[in-house]
Enquirer: 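Let me begin by handing over the structure; questions about it come next.
In what follows, chains carry the letters A, B, and so on, assigned in the order in which the sequence lines appear, proteins first and then strands, with residues in each chain numbered from 1.
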Amino acid sequence: MQERYEPQAIEPKWQDRWEAEGLFAAGGRGDGPKKYVLEMFPYPSGALHMGHVRNYLIGDVIARHARMKGFDVLHPMGWDALGLPAENAAIKDKRHPAERTRENVVSFKAEMKRVGFSYDWSREISTDDPAYYRWSQWFFLKFREMGLVYRRTAHVNWCPGCQTVIANEQVKDGLCERSSDPVVIKQMAEWAFRITRYSERLLQNLDGLKEWPEEVVKKQRNWIGKSEGAEIDFAVEGAGETIGIFTTRADTIFGCTYLAVAPDHPLLETIVPAEQREAMQAFAADQARKAATKGRDEELPKEGIDTGARAIHPFTGAALPIWAANFVVSDYGTGAVMGVPAHDQRDFEFATAYGLPIVPVIQPAGGEPLQAPLDAAFTEDGILDAGSRTFAGMSSADARSVIAGAAKSGGFGGPAVTYRQRDWGISRQRYWGTPIPIVYCEGCDPEGEGIPVPYDQLPVELPTIDVAAVLTGRGEPPLAKVPSFVNTTCPRCGGPARREVETMDTFVDSSWYFGRFLDPKNDDLPFSREAADRWLPVDVYVGGPEHSTMHLLYFRFWTMVMEELGLCADEEPVKRLITQGIVNGPDGRKMSKRWGNVVAPASIIERYGADAARVFTMFAGPPDKDIQWSDEQVEGSARFLQRVWRLAWKNVAAAALPEGGEAEGRALEIRRSTHRTLKRVSEDIERLSFNTAIARTMEMVNFLTPIEPANDPERAAMAEAMRLLAAMLSPFAPHLAEEVAEAYGAKTSLQAGTWPAYDPSLVAAQTLVYAVQVNGKLRGEVEVEASAGEDEVRAAAEADEKVRAHLEGKTIRKAIFVKGRLMNFVVG
RNA sequence: GGGCAGGUGGCGGAACUGGUAGACGCGCUGGACUUAGGAUCCAGUGCUGCAAAGCGUGAGGGUUCGACCCCCUCCUUGCCCACCA
C-alpha cells in the first residue's frame, strides 16, 4: 500500500491477479451450497454504457458477496449476438455482421474487465456460434415433435424498416420497437410456437414466484389475459354452419340484436350470400388498409357492413343480422361477438351508428328501471328482466353460469376460457439469425409442411455471404439469395430440395442460454442433466423490466418444455428476479445518443477509477429504481474512497499488532462501531439495499476519521476496523478493498476469504434513547439502561423537564410503552 | 379506456414489520490548516420564529395513543397494455 490512492494503478493489478488465480471459476467448492447469479446477457454493441454497468454491477455485488459467504458461485457472461441491430449495421457499412460482432465482443469484454466484474469467462458463449445455435435448432425439432411448432398463415406485424416480421411484443404504439417505423399488418405464412398451450401453467405458476417483483408478475398475468366466460354457437340460417361467439356476459344474451364478426373472419367466405360477396370483400380490404395505417392511439370509428346472412338466436329463435365490423378482432376469442347494445358500450355505439335495435334486458338492482331510449349502455351487473324469459329475476352473476350451462346442455356452447396471449411467431426474414432447420421437397412433401433436418445434420450453418449482394435490406429474405444455402437434398427422399430461408426470432436464442452456461462445451445435449441438477434454477436474475412480457415469458415457457424433455428438474427458470431501474443522464432524461447525455464508463474509470464508478452506481439508489447520473455524486463517491484510503494508510502500522484482547474505553467504542456497522451492512446486502449498506460504511468512516489511536488496544481496534471495512466494501469497491486487506495482512484475495461475522456482544447496546411523546407529539428524549423496563422508562420520562411541562396540570389517562422505542403519555 | 409504479429538504435518497421523518451523499454557510485551495479537517444546514413554540412526507378526509406507511376521494408524473367481447 502506498500513501496516494491511485485507482489507475491498483485496479489493473487486482484484475490481473483475480484472473491469474482463477477466483471466479465456478464449480470449485465441491458439493457446497451453490448460487447461480445471472444478468441478462447483452447484444455486444460497440461500447458499454452506464445501463449495462448498473445491470452487471448488481449481479456482481451479489456474486462477490455470495462467494465470500462460501457459496459455489456461477456468474457467467455471454453474448446475444444474433439479431437485427447487427444486421442493420452490416447493411449500413457493408461488413459482415460476424466480423463486427467479434470486434465488439473484444472491446465489450475489455471494458467489462476494467469495471472489475467477476465473471467466469471459461463459460463464455455467443449465440452466433454454430456450436450454440445448433441447440436452438435441436430444440426447434424437439418442439416440433412435441406438436409445439406449426406453420400458420397469420396476420403478422411487418416492419417496413426492418424488412421483417416482428412479434406483438415488439410493437410499441403501432411502431416497431427497434426502428420506430410504423408497423403494417400483413398476411404471411410463418412458423409459430404453441406457447398458448402453456398459458394456464404460465399463469398458475406465477403464484409460486414469490421472489419476483410484483410488477412483473402482474404484467405477465395481464399479458396472458385469462378471461372466463361462455362460448355460444349461433346457427347460420340456411347455411348449415354455426358461428361461435365468446362472451363474458352471457347474462345479457337476450339483449343480443345482431352478431358482429371480424372483417376477415374465415366463415364469411361460406355464409355471405353471393350478391353481397363483392361488397364484403371490398369492405374487408378497406378495413385492412385502415388498420394498417392507423396511428398509435387512434381508435377507428366503428364501421360495419351487413353481410346479408342471418343467425338464429339459440334461446329465442329470432333471426339476427350478421354484420362484419371493424371493432371485432379476428385473433381473439372466436373472432365474433354477439351485439348487445343495451349492455355493452361498444355494441351500443355500433348499433347507434347503424340503427340496430337496442333492447335492455338487465335492470339495475334496486334502482330505477332503464328508460328507453338509452343514451349509453348499462354495463353493470343487475337483475334480468322479463326479456330474459325463463331466466328473468336472476342476478347477472347467477345468470352467467346458468345460461352457459344451458348452452352446454343444449349442445350450442358452454363455459369457455379465452386468453389474450397469442402463439409466438418466430419466423424472421433476416440473415443474422438461427436458420430454421427445415427443408421443402416438392417430391415427398407437396403440401409444403416442411421436412425436419435430421439431428445428425445439425447445425444448419449460416452461409458465408457477400454482404453487399445479399444484405440489401430489400426484397425476399437474404438467405433466399444464396443458392448454395437454398439448394440441398431432401433428407427423406434424396431428391432436390430447398432450405427454409427464414431465421428464428432471437428471443429463441435467449430463451435457454442460461442452461448453456452450465455446460457450454457439451456436444451431445444443450447441457447435461447433471449440470442442471447442480446449478438450476438460477438463484438471482438481473435485468431490465422491459423484458417482463417478452423474454421473461418466453424463457419460462421454454423451461417448462425443457422440464418435459427431461433436461432439468424445475419448470421455472429463476428463483429471484431483480429488475433494475434506468440510469438517466445528468439532465434527468434517459441516457441516449439522441439527447447527447451519454456518460461512458471508460471516461469515469480513467478519471476516478472503477471503484468510484461502482460505488456511485450502487449508492445512487435502490437497484429497482431509476437513478440519475450526477458528476458531483461521482466525485463524492471518489472522495469517500479517498477517505477510506487515508484512514487505512494512517493506521497501517497497527496492522502488525495482534488482534483481539479486551478492549475498553475508546478502543471498545471503535470495536462497537465496527461490529455494529458489520451487522447492518450484512443485513442490507442480504436485502439488496446496497445504497444503505454503503451509507453505513460511510458513517463508520466518519466516526473513525478524527480518531488518533493513543495506545495499542486502540490501534488494534483500528486495525480490526480496517480489515472488516475492507471486507464490507469489497463487493462494491473490490480493488481498493483488496489493497487495504493486503496491507492489513490478508494472505489471500477477499474473494477466496470469508464474509466476517460480527460479535453479538459488541453489537448489543448498553443504553437506549427513548422518545417521549405527549399525545403523540415528541416532547423529549431519555437515555436509560438497555435493560430498563416500562416503569424505569416512565420514571425517567416523567422526570424530564420538558415532558413535565407538558404534563403539568393534566391527568395521564394512558401510557403507551414500546420497548426500545418510545413512551407516549395520553393526557386529557 | 384499462393495468402498474411513483410523488419525502435546494438536489439524489433514508425511515426494513404503524413508533423520535429527513440516515448517508451532493450542494450551501461558517471556521481551522495554508503562499494558495477546486485538497483536507471541524461545526452547522427541513420551513417559520430572537425565543418559546408552531408547521412539515402531492391535496383533502378517515382509522389510531401514534400514519411517509393502513382505508376512501382527488390531483400529478412515469411506464405498460389497448376496439380483448
Side-chain angles (χ1 to χ4, degrees), chain A residues 168-169 172-174 213-219 221-223 225 227 229 245-249 252 260 262 291 294 296-302 325-329 331-340 344-347 349-350 418-422 545-546 548-549 582 588 615-616 619-622 624-637 639-640 642-643 646 680 683-684 686-687 689 691-699 701-702 705-706 769-781 805 813-827:
Chain A
N168 266 331
E169 290 88 332
K172 291 225 179 340
D173 301 326
E214 258 305 295
E215 188 197 348
V216 174
V217 170
K218 282 176 179 160
K219 268 186 192 163
R221 191 167 281 138
N222 224 330
W223 188 267
S227 180
I245 61 99
F246 176 74
T247 180
T248 54
R249 291 297 304 273
T252 66
K294 93 180 170 82
R296 43 182 71 195
D297 295 328
E298 200 179 335
E299 189 165 300
L300 296 175
K302 293 188 175 36
N326 65 345
F327 67 90
V328 183
V329 297
D331 54 357
Y332 180 76
T334 60
V337 299
M338 62 176 190
V340 186
D344 180 282
Q345 187 57 29
R346 221 180 19 209
D347 296 346
E349 284 167 28
F350 188 74
T418 301
Y419 299 88
R420 210 180 65 94
Q421 184 180 34
R422 316 283 211 264
E546 69 275 16
S548 300
T549 49
I582 290 169
V615 168
F616 162 75
F619 183 60
D624 56 337
K625 295 257 177 69
D626 291 355
I627 61 171
Q628 200 176 308
W629 184 266
S630 149
D631 291 326
E632 290 81 9
Q633 292 280 351
V634 180
E635 272 180 59
S637 300
R639 215 143 53 201
F640 167 63
Q642 295 272 12
R643 280 158 67 81
R646 267 195 300 276
R680 289 151 92 185
E683 289 165 356
D684 283 354
E686 295 291 349
R687 65 184 177 100
S689 184
N691 53 335
T692 56
I694 293 169
R696 300 303 171 212
T697 64
M698 287 174 170
E699 246 172 311
V701 171
N702 290 344
T705 295
V769 176
Y770 277 83
V772 184
Q773 298 178 335
V774 178
N775 284 344
K777 290 208 181 246
L778 182 69
R779 296 302 180 189
E781 283 177 358
R813 285 204 305 230
K814 204 165 156 193
I816 287 136
F817 175 73
V818 183
K819 179 84 182 128
R821 296 242 173 222
L822 60 73
M823 184 87 221
N824 184 16
F825 296 109
V826 184
V827 302

Enquirer: Which one, B:G19, B:A85, B:U40, comes nearest to the side chain of A:Tyr332?
Expert: B:A85
Enquirer: Could you go over nucleotides 52-56 of chain B and give all protein N or O partners under 3.5 Å, atom names and distances?
Expert:
residue	atom	partner	partner atom	Å
B:G54	OP1	A:Arg779	NH2	3.4
B:G54	OP2	A:Arg779	NH1	3.1
B:C55	OP2	A:Lys777	NZ	3.2

Enquirer: Please list, chain by chain and in numerical order, all residues satisfying side chain to side chain contact (heavy atoms under 4.5 Å, CB included) with A:Lys777, sequence neighbours excluded.
Expert: A:Arg779
Enquirer: Between B:C24, B:C65, B:A85, which nucleotide gets closest to the side-chain atoms of A:Val329?
Expert: B:A85
Enquirer: Who passes salt bridge (Lys or Arg N to Asp or Glu O under 4.0 Å) against A:Lys302, sequence neighbours left out?
Expert: A:Glu299, A:Glu349
Enquirer: Between A:Phe619 and A:Met698, is there a side-chain heavy-atom distance shorter than 4.5 Å?
Expert: yes
Enquirer: Mind checking what makes salt bridge (Lys or Arg N to Asp or Glu O under 4.0 Å) contact with A:Lys819, not counting sequence neighbours?
Expert: none
Enquirer: If the sugar-phosphate is the primed atoms plus P, OP1 and OP2 and the base is the rest, what is the B/S/- string for nucleotides 11-16 of chain B, using protein heavy atoms under 4.0 Å?
Expert: -BSSSS
Enquirer: From the set B:C65, B:U20, B:C84, return the single nucleotide nearest to any side-chain atom of A:Arg420.
Expert: B:C84
Enquirer: Looking at every strand, decide which applies to A:Arg646 at a 4.0 Å heavy-atom threshold: base, sugar-phosphate, or nothing.
Expert: sugar-phosphate
Enquirer: Under 4.0 angstrom, heavy atoms only, what part of the nucleic acid is A:Asn222 near: base, sugar-phosphate, or nothing?
Expert: sugar-phosphate
Enquirer: Are A:Glu683 and A:Arg687 ion-paired here, with the side-chain N under 4.0 Å from a carboxylate O?
Expert: no
Enquirer: Can you check nucleotides 42-44 of chain B for protein contacts, nitrogen or oxygen pairs under 3.5 Å, and list what you find?
Expert:
none

Enquirer: In dot-bracket notation, what is the pairing pattern of RNA chain B, taking Watson-Crick (N1-N3 plus N6-O4 or O6-N4) and G-U wobble (N1-O2 and O6-N3) contacts under 3.5 Å, with [ ] crossing and | for other strands?
Expert: (((((((..(((......[....)))((((((.......))))))(((....)))..(((((..]....))))))))))))....
Enquirer: Taking side chain to side chain contact (heavy atoms under 4.5 Å, CB included) as the definition, give me every residue that meets it alongside A:Val329, ordered by chain and number, with sequence neighbours left out.
Expert: A:Asp331, A:Tyr332
Enquirer: Can you tell me if A:Lys218 touches the phosphate of B:G3, counting only side-chain N or O atoms and a distance under 4.0 Å to OP1 or OP2?
Expert: no
Enquirer: According to salt bridge (Lys or Arg N to Asp or Glu O under 4.0 Å), who are the partners of A:Arg221, at least two apart in sequence or on a separate chain?
Expert: A:Asp207
Enquirer: Residues in side chain to side chain contact (heavy atoms under 4.5 Å, CB included) with A:Glu781, at least two apart?
Expert: A:Val769
Enquirer: Taking only residues two or more places apart in sequence, or in another chain, which ones meet A:Arg643 in a side chain to side chain contact (heavy atoms under 4.5 Å, CB included)?
Expert: A:Arg646, A:Val701, A:Asn702, A:Thr705
Enquirer: Could I get the full list of salt bridge (Lys or Arg N to Asp or Glu O under 4.0 Å) partners for A:Arg821, not counting sequence neighbours?
Expert: none
